[in-house]
Undergrad: 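Sharing a structure, written as structure tokens. Questions coming.
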Protein chains: 2
Amino acid sequence: MTKGNNLKRDMILDAAYHLFISKGYLDTKIIDIADAAGIGKGTVYEYFESKDAIFFELFQTKVAAGYDSLSELLSKEISCEKKIREYLDIELENAAKYTFNKNFLMDLMMKSDAFRNPELIKSIHRLIGKKFSILHKIIEEGINGGEFRNADPLLASVTVMGAINFYISFDYSPFDPMEFLPVQKTNAWNKEEFFSLLLHGLKECTP
Amino acid sequence: MTKGNNLKRDMILDAAYHLFISKGYLDTKIIDIADAAGIGKGTVYEYFESKDAIFFELFQTKVAAGYDSLSELLSKEISCEKKIREYLDIELENAAKYTFNKNFLMDLMMKSDAFRNPELIKSIHRLIGKKFSILHKIIEEGINGGEFRNADPLLASVTVMGAINFYISFDYSPFDPMEFLPVQKTNAWNKEEFFSLLLHGLKECTP
DNA sequence: CGATACTGACCCACGGGTCAGAAATACAAA
DNA sequence: TTTGTATTTCTGACCCGTGGGTCAGTATCG
């Protein structure tokens with residue numbers, strides 16, 4: 001294990017990465033990774049201990065790293081509305097960059113305890129916790145400062161995060177609204193209006 | 001297959017049902033179902049064709065049936081706000097009744113194409129489509145009638161449905177906010193305030 | 001005693017992981 | 001430059017645990 005040829009190591013990572021995001025963790029087999037990298041199955045294990053280890057490294061370098069800039073949000077001298085907007089931007093940027101498919105998102109967010117690697121589970125929970133706590137702090141600050149309406153910050157965070165998650169996963173979900181409604185999925189991808197809905201909800205402002 | 005003893009058949013269904021909602025589809029093995037029902041593994045196959053068939057029947061009778069009353073919502077003579085409120089009530093009622101755990105929800109909503117049974121996949125998509133189209137119609141009506149603010153109904157539906165789904169799954173998710181914030185998960189379970197957030201968003205009404 | 005119900009040992013496909021040998025590479029001696 | 005040899009890298013046939021599904025034999029019932 002851990003051979004010196006880092007170029008080949010990167011090829012394996014790259015092949016695995018594209019398979020994981022297009023087919024998901026469970027549906028990606030080691031032989032698929034080896035084939036995609038143009039090497040034999042055994043060679044994979046010369047560079048990585050296990051399938052988990054490959055996923056773990058990708059999670060750290062590709063996924064978690066995308067949220068590094070999130071922490072800086074809190075100390076910025078901008079309104080909380082602007083902070084949430086930047087939070088949304090970071091989420092959308094990551095979604096576009098990694099083009100998460102439904103399986104990948106699912107593996108990551110929900111099925112994390114299907115993995116055996118406790119280190120990986122901890123990392124995933126830590127990332128979710130980081131995202132959630134930052135959003136929570138922004139909203140709490142907005143409420144305490146009078147910028148947002150008086151609400152339970154935890155509940156507001158759940159609402160906003162749920163809406164954002166679904167908004168992001170909508171395009172990658174197997175669900176096609178055209179089967180049931182005369183509307184196109186792509187219509188939903190309007191960031192300005194989505195943000196406006198998060199801030200102002202459904203009801204018109206009628207004092 | 002299809003023996004006459006419907007009592008035993010129900011015992012198998014009941015055992016499978018509780019295992020599916022507590023452990024999820026993938027983590028529930030046939031032998032687990034047989035053990036829980038107090039019978040041998042082979043007997044399961046005297047009453048059901050496959051594991052899929054058991055899940056399919058449970059999905060139809062337990063899950064999809066919980067949304068039967070959803071269709072009546074559209075023709076009711078009440079405001080759109082009230083309709084959304086009743087929509088939310090139905091979702092919460094189902095969530096409480098079946099105590100979906102994260103795996104079950106996930107299996108159902110996201111991993112539907114992991115099943116081989118095309119009939120089941122169709123049913124799951126049909127249920128999601130039904131829920132989505134009803135919510136969409138309510139919101140569309142509210143916007144056209146001037147009750148809601150002017151927005152894209154599809155985008156508004158995505159926002160509301162995302163928030164509701166996350167709100168419901170929050171309690172069953174592996175994520176514990178206490179690890180990152182001095183808040184209790186249970187605080188989030190406040191239906192009135194959640195509904196208010198859906199309608200009015202984060203911003204105070206300041207004309 | 002025939003029909004029906006039940007059972008668990010068995011079958012088999014699958015896929016993560018292993019390892020003895022093959023191939024490639026590095027390098028020293030001729 | 002060629003040859004010989006040690007070392008590293010590569011490989012796929014093989015191993016093995018898992019779990020859905022089968023079926024010949026047994027138990028129970030009418």
Side-chain angles (χ1 to χ4, degrees), chain A residues 1-17 19-20 22-59 103 107 111-121, chain B residues 1-17 19-20 22-59 103 107 111-121:
Chain A
M1 194 183 45
T2 325
K3 295 280 183 297
N5 190 344
N6 273 343
L7 209 84
K8 185 153 292 185
R9 195 170 185 280
D10 288 344
M11 279 171 61
I12 297 171
L13 276 175
D14 195 58
Y17 173 61
L19 285 166
F20 282 151
S22 65
K23 301 172 59 176
Y25 180 82
L26 289 175
D27 286 342
T28 298
K29 317 301 176 191
I30 293 290
I31 188 65
D32 298 334
I33 297 174
D35 285 349
I39 58 175
K41 182 181 172 182
T43 311
V44 173
Y45 288 92
E46 297 291 334
Y47 293 90
F48 296 94
E49 213 175 47
S50 63
K51 192 183 170 188
D52 254 15
I54 301 175
F55 189 88
F56 187 39
E57 182 158 336
L58 284 172
F59 176 79
N103 291 320
D107 283 349
K111 203 74 208 257
S112 57
D113 52 356
F115 298 103
R116 294 286 164 260
N117 185 343
E119 210 58 47
L120 174 58
I121 298 170
Chain B
M1 194 183 48
T2 324
K3 294 280 185 295
N5 190 343
N6 273 342
L7 210 85
K8 185 154 290 185
R9 195 170 185 279
D10 287 343
M11 280 171 60
I12 296 171
L13 277 175
D14 195 58
Y17 174 61
L19 285 165
F20 282 150
S22 66
K23 301 172 59 177
Y25 180 81
L26 289 175
D27 286 342
T28 298
K29 316 301 176 191
I30 293 290
I31 188 66
D32 297 334
I33 297 173
D35 285 349
I39 58 174
K41 182 181 171 181
T43 311
V44 173
Y45 288 92
E46 297 292 333
Y47 292 90
F48 295 95
E49 211 175 47
S50 64
K51 192 183 170 189
D52 255 15
I54 301 175
F55 189 87
F56 187 40
E57 181 158 339
L58 283 172
F59 176 79
N103 291 320
D107 284 348
K111 204 75 207 255
S112 57
D113 52 357
F115 299 103
R116 294 286 164 261
N117 186 341
E119 209 58 47
L120 173 58
I121 298 170

Undergrad: As an exercise, state the distance from CD1 of A:I12 to CD1 of A:I33, rounded to the nearest 0.5 Å.
TA: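 That separation rounds to 8.5 Å.
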Undergrad: Rounded to whole Å, how long is the line connecting atom CG of B:D27 with atom P of D:dT18?
TA: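 Going from CG in B:D27 over to P in D:dT18 covers 14 Å.
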Undergrad: Separation of A:F48 atom CZ from C:dG16 atom C1', in whole Å?
TA: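 Rounded to the whole Å, the gap is 16 Å.
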Undergrad: Check the distance between C:dG15's P and A:D52's CG and give it to me in whole angstrom.
TA: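 Interatomic distance, CG of A:D52 to P of C:dG15: 17 Å.
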Undergrad: Which part of the nucleic acid, if any, lies within reach of B:K41 when heavy atoms closer than 4.0 Å are counted: base, sugar-phosphate only, or nothing?
TA: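 Contact class for B:K41: base.
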Undergrad: When you get a sec, tell me which of C:dG17, D:dC10, D:dG20 is the closest nucleotide to the side chain of B:Y45?
TA: D:dG20
Undergrad: Output yes when at least one side-chain N/O atom of A:K51 is less than 4.0 Å from OP1 or OP2 of C:dG15, else no.
TA: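 For A:K51, the contact criterion (side-chain N or O under 4.0 Å from OP1 or OP2 of C:dG15) is not met.
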Undergrad: I want to check something: taking the side chain as every heavy atom from C-beta on, are B:L13 and B:F48 in contact at a cut-off of under 4.5 Å?
TA: yes
Undergrad: Could you check whether any side-chain heavy atom of B:I54 comes within less than 4.5 Å of a side-chain heavy atom of B:F20, counting everything from C-beta outward?
TA: yes
Undergrad: Quick check on DNA chain C: between A:K29 and A:G42, whose nearest nucleotide comes earlier from the 5' end?
TA: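 Between the two, 5'-proximity favours A:K29.
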Undergrad: Counting only side-chain N and O atoms of B:Y47, is one of them less than 4.0 Å from OP1 or OP2 of C:dC6?
TA: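 Looking at the OP1 and OP2 atoms of C:dC6, one of them is under 4.0 Å from a side-chain N or O of B:Y47.
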Undergrad: Going by heavy atoms in the side chains, are A:R9 and A:N6 under 4.5 Å from each other?
TA: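 Contact flag for A:R9/A:N6 side chains = yes.
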Undergrad: Roughly, in whole Å, what's the span from CG in B:L26 to P in D:dG19?
TA: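 Nearest whole value for this atom pair: 11 Å.
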Undergrad: State, to 0.1 Å, how close A:I30 and A:Y45 come at their nearest heavy-atom pair, and which atoms those are.
TA: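 For A:I30 versus A:Y45, the nearest heavy atoms are CG1-OH, 3.3 Å.
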Undergrad: Say whether B:D52 and B:Y25, considering side chains only, have a donor N or O and an acceptor N or O under 3.5 Å apart.
TA: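 There is such a pair (donor and acceptor under 3.5 Å, judged by atom type) between the side chains of B:D52 and B:Y25.
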Undergrad: Considering every strand and a 4.0 Å limit on heavy-atom distances, what is the contact class for A:I31: base, sugar-phosphate, or nothing?
TA: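 Counting heavy atoms under 4.0 Å across all strands, no contact is made by A:I31.
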Undergrad: Let me know the distance between CG of A:N6 and C1' of D:dT8, rounded to the nearest Å.
TA: 15 Å
Undergrad: Under 3.5 Å for both distances, Watson-Crick or G-U wobble, that's the pair rule; now give the dot-bracket for DNA chain C, with | marking pairs to another strand and [ ] for crossing ones.
TA: ||||||||||||||||||||||||||||||
Undergrad: Take atom CE of B:M11 and atom C1' of C:dC6, then tell me their distance rounded to the nearest Å.
TA: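 It is 13 Å, rounded to the nearest whole Å.
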Undergrad: Can you tell me how far CG of B:D35 sits from NZ of B:K41, rounded to the nearest 0.5 angstrom?
TA: 10.5 Å
Undergrad: CD1 of B:I30 versus C1' of C:dT7: gap in Å, rounded?
TA: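 Those two atoms, CD1 and C1', are 15 Å apart.
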Undergrad: For A:L7 and D:dC10, what is the distance between atoms CG and C1' respectively, to the nearest whole Å?
TA: 16 Å
